Protein chains: 2
Amino acid sequence: MNPTLYDVAREAGVSLATASRAINGSSRVVKDEYRERVLVAARKLGYTANVSAQAVARGSSSSVALIVSDIADPYFSAIAAGVLRAADAVGLVVTIAVTNRDAGRELELVKLLGRQRPRVMVLAGSRFTDEDDPRLLIAELDDYQSGGGRVAFISQTGLPFATVEIDNTSGARALGAAAVSLGYRRFVVLAGPEHLATARDRSAGFASALPVPPVAIAHGDFTRDGGYSAMSSLLDDGLDGADFVFAVNDVMAVGALAALRDRGVPVPEQIAVAGFDDVPIASDVTPPLTTVRVALEEVGEASVAIALGADVPAPITPEVILRSSTPAR
Amino acid sequence: MNPTLYDVAREAGVSLATASRAINGSSRVVKDEYRERVLVAARKLGYTANVSAQAVARGSSSSVALIVSDIADPYFSAIAAGVLRAADAVGLVVTIAVTNRDAGRELELVKLLGRQRPRVMVLAGSRFTDEDDPRLLIAELDDYQSGGGRVAFISQTGLPFATVEIDNTSGARALGAAAVSLGYRRFVVLAGPEHLATARDRSAGFASALPVPPVAIAHGDFTRDGGYSAMSSLLDDGLDGADFVFAVNDVMAVGALAALRDRGVPVPEQIAVAGFDDVPIASDVTPPLTTVRVALEEVGEASVAIALGADVPAPITPEVILRSSTPAR
DNA sequence: TTGAAAGCGCTAACAC
DNA sequence: GTGTTAGCGCTTTCAA
């Protein structure tokens, strides 16, 4: 059995209240001698506070709930790292749950994690433009907020909650412009899931910078394998002189690179490849990937900051990073 | 304010006890009519159970605590994915904290996360052979266990707790043997931190399969950058005819690949490279990396299984995966 | 089967 | 400063 605060108080010969004040350092001042006695007793008994009990008594917990699509995806694990760091800095503990890219699951998880009454809830999945009904999610989050919780979204605009917004459109447009000025002329887009807002914005932003529409667009999952198969199907159809492929995120670009390599298509000699996000591996694949950098860890940190009351920052405009996967033509 | 169970009971016109039984489905049976009324009332009020209060009343929580070195490292994020999946399957929620590879931090985190009285605690960092004093950690974990918690370690033998053991030595030895039979003769090892048990085992296992000792061993962090700098310093010293470099984990191997590429050393033509773990990107770098596969997600799942009482599995013997970074000579 | 009531471990008035 | 005590929201005897 774990010793309770009551045990500590008895051992120290003080009241429960004094022990509580000495250990968690409330605003009240405890005489040094007593505090010392309490601390010694706590150490002697191996006392560990019970945060559940504290949460019940205080009416608020010390945790942040984080919902991501897939923790093994470098995009989300980088965000998680930022959330973890920011939470740690303010003494909060982080509970993580994954949707596996299932929108319905997200609502369930909001309910599930909401049971912990976390101080903050960060949602980092992505919205679907054709979503059945975001109203249920909104209602659930409203309930959560009315109970004193704070919500922050990452990269999902259009919802009535604080959001760390990433300007996917202009980032992608900048990349498109860079590609054009490097001399590329025939573009192909690995566009991700058809109804995923982030994917659409990036795809559209990229296209908006081109003098001519992309010669082909292939949809696929927002994952490495999605990139691999989208690229493969494009290859099956014949590249038809395309000289540049834009994958709407880096993990898809990595998949595309693998597909290209498996087919023996030289990159960047025959075709250039670019991604989006600048996840850590982007610079370590061969050739190093041109991409659009989003400071993911900072985005994660910002999400807990705004949930905790910081001003919502202006939309983050990601920066084009040119690497050898897209040399000048 | 969040509605409480009391509110629900009142709304449904039943007692608190009945509402509790109807909602969490205790062993007691509640008359259908009452149950229905309670459920309707709960929905109407938007009732959400408060797990902290449940934990206090029940004396046990429904969470698992996971401690890893760095969630952005693919090795740990893969393990985390497994832990998350296994926890989800049994209705447990996961709290994650990172040590940033600081051994002292691990003890602090055990204390910190222990305050939640998690049902299970999984430690996935790595032990240092020269550790100041594992006794403190052990004592802390013993306390935790005596309070009813269950501990599981991943890949860290020698501690008196259930462990998902990875046979690093034999995996590395098998890789060494494979390298020899492929025709390689002059080996170099990127050995990781000097006192990290996992790194030492892998390094020693590999060397034990060679006819001659490695021509050089470079230590460095167990990270991508550690691999990059270890490889760089070896390059500075002159490779001296080495034809094979073994990095004790994949992320270091990826760093080594980058260092080699930056210096213009062709891989695998001039020198072959192999890693360990088979993290997802291993097969996506160029050339695809020969490695020793550890089923990381399964390891994560196994850790919660054994903590929950499953039999401790035999040490996992990882499997050599030959890819193009180590062609036959 | 249901309800009253005694806790669970802790905090925070409130009184001394 | 310190102690008493009434909760916090929920579970679980124990009677009825």
Side-chain angles (χ1 to χ4, degrees), chain A residues 1-39 41-42 45-62 114-119 143 147-149, chain B residues 1-39 41-42 45-63 114-119 143-144 147-149:
Chain A
M1 248 345 251
N2 279 308
T4 71
L5 191 56
Y6 179 79
D7 299 326
V8 174
R10 191 155 35 82
E11 172 78 25
V14 300
S15 75
L16 224 204
T18 298
S20 171
R21 301 197 264 252
I23 284 188
N24 80 38
S26 78
S27 57
R28 305 295 264 254
V29 185
V30 175
K31 206 204 289 179
D32 276 358
E33 186 203 333
Y34 281 178
R35 171 198 317 296
E36 197 50 40
R37 283 211 326 242
V38 170
L39 265 19
L45 300 181
Y47 172 77
T48 305
N50 180 324
V51 292
S52 293
Q54 292 181 313
V56 175
R58 292 207 255 252
S60 89
S61 80
S62 315
R115 298 188 208 289
Q116 329 249 10
R117 302 286 188 273
R119 264 237 263 289
D143 278 8
Chain B
M1 248 345 250
N2 279 307
T4 70
L5 191 55
Y6 180 77
D7 299 326
V8 174
R10 191 154 35 83
E11 173 78 24
V14 301
S15 74
L16 224 201
T18 298
S20 171
R21 301 197 265 252
I23 284 189
N24 80 39
S26 77
S27 57
R28 305 294 263 259
V29 185
V30 176
K31 206 204 289 178
D32 276 357
E33 185 203 333
Y34 281 177
R35 172 198 315 295
E36 197 49 40
R37 280 205 337 234
V38 171
L39 264 20
L45 300 181
Y47 172 76
T48 305
N50 180 324
V51 292
S52 293
Q54 292 181 314
V56 174
R58 293 207 255 250
S60 90
S61 78
S62 313
S63 69
R115 297 189 209 288
Q116 329 247 10
R117 302 285 188 274
R119 206 117 87 211
D143 278 8
Y144 166 67

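Small disclaimer: the values here were computed from a predicted structure and weren't measured. Residue numbering restarts at 1 for every chain, and letters A, B, ... go by the order of the sequence lines.
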_Residue closer to the 5' end of DNA chain D, B:T18 versus B:V56 (nearest nucleotide)_ = B:V56
Under 3.5 Å: donor-acceptor pair, side chain of [X], backbone of [Y]:
X	Y	value
B:R115	A:V51	no
B:Y144	B:P118	yes
B:R119	B:S61	yes
A:R117	B:A49	yes

Go through [options] for me and flag the one nearest to the [X] side chain.
X	options	value
A:A57	C:dC8, C:dA12, C:dG9	C:dG9
A:M1	C:dT2, C:dG9, D:dT2	C:dG9
B:N50	D:dG9, D:dT11, D:dG3	D:dG9
B:A17	C:dT1, D:dC10, C:dG3	C:dG3

*Please examine the side chains of A:V38 and A:V8, heavy atoms only from C-beta on, and report whether any two atoms are closer than 4.5 Å.*
yes
Whole angstrom is fine here: how far is it from [atom1] in [X] over to [atom2] in [N]?
X	N	atom1	atom2	value
A:L16	D:dT5	CG	P	12 Å
B:Q54	D:dC8	CD	P	17 Å
A:I23	C:dG9	CD1	P	15 Å
A:Y34	D:dG1	OH	C1'	9 Å
A:Y6	D:dT4	OH	C1'	12 Å
B:R58	C:dG7	CZ	C1'	15 Å
B:R10	C:dA4	CZ	P	14 Å

*Residues two or more places apart in sequence or in another chain: which of them pass salt bridge (Lys or Arg N to Asp or Glu O under 4.0 Å) with B:R37?*
B:E33
*Assign each of B:A53 and B:G13 to its nearest nucleotide of DNA chain C by heavy atoms, then name whichever residue's nucleotide is nearer the 5' end.*
B:G13
*Angle by which the axis turns from one end of the helix from C:dT1-D:dA16 to C:dC16-D:dG1 to the other, five pairs per end, to 10 degrees*: 40°
_Using a distance-only criterion (donor-acceptor N/O pair, under 3.5 Å, no hydrogens), is the base of D:dG3 paired with the side chain of A:R21?_
yes
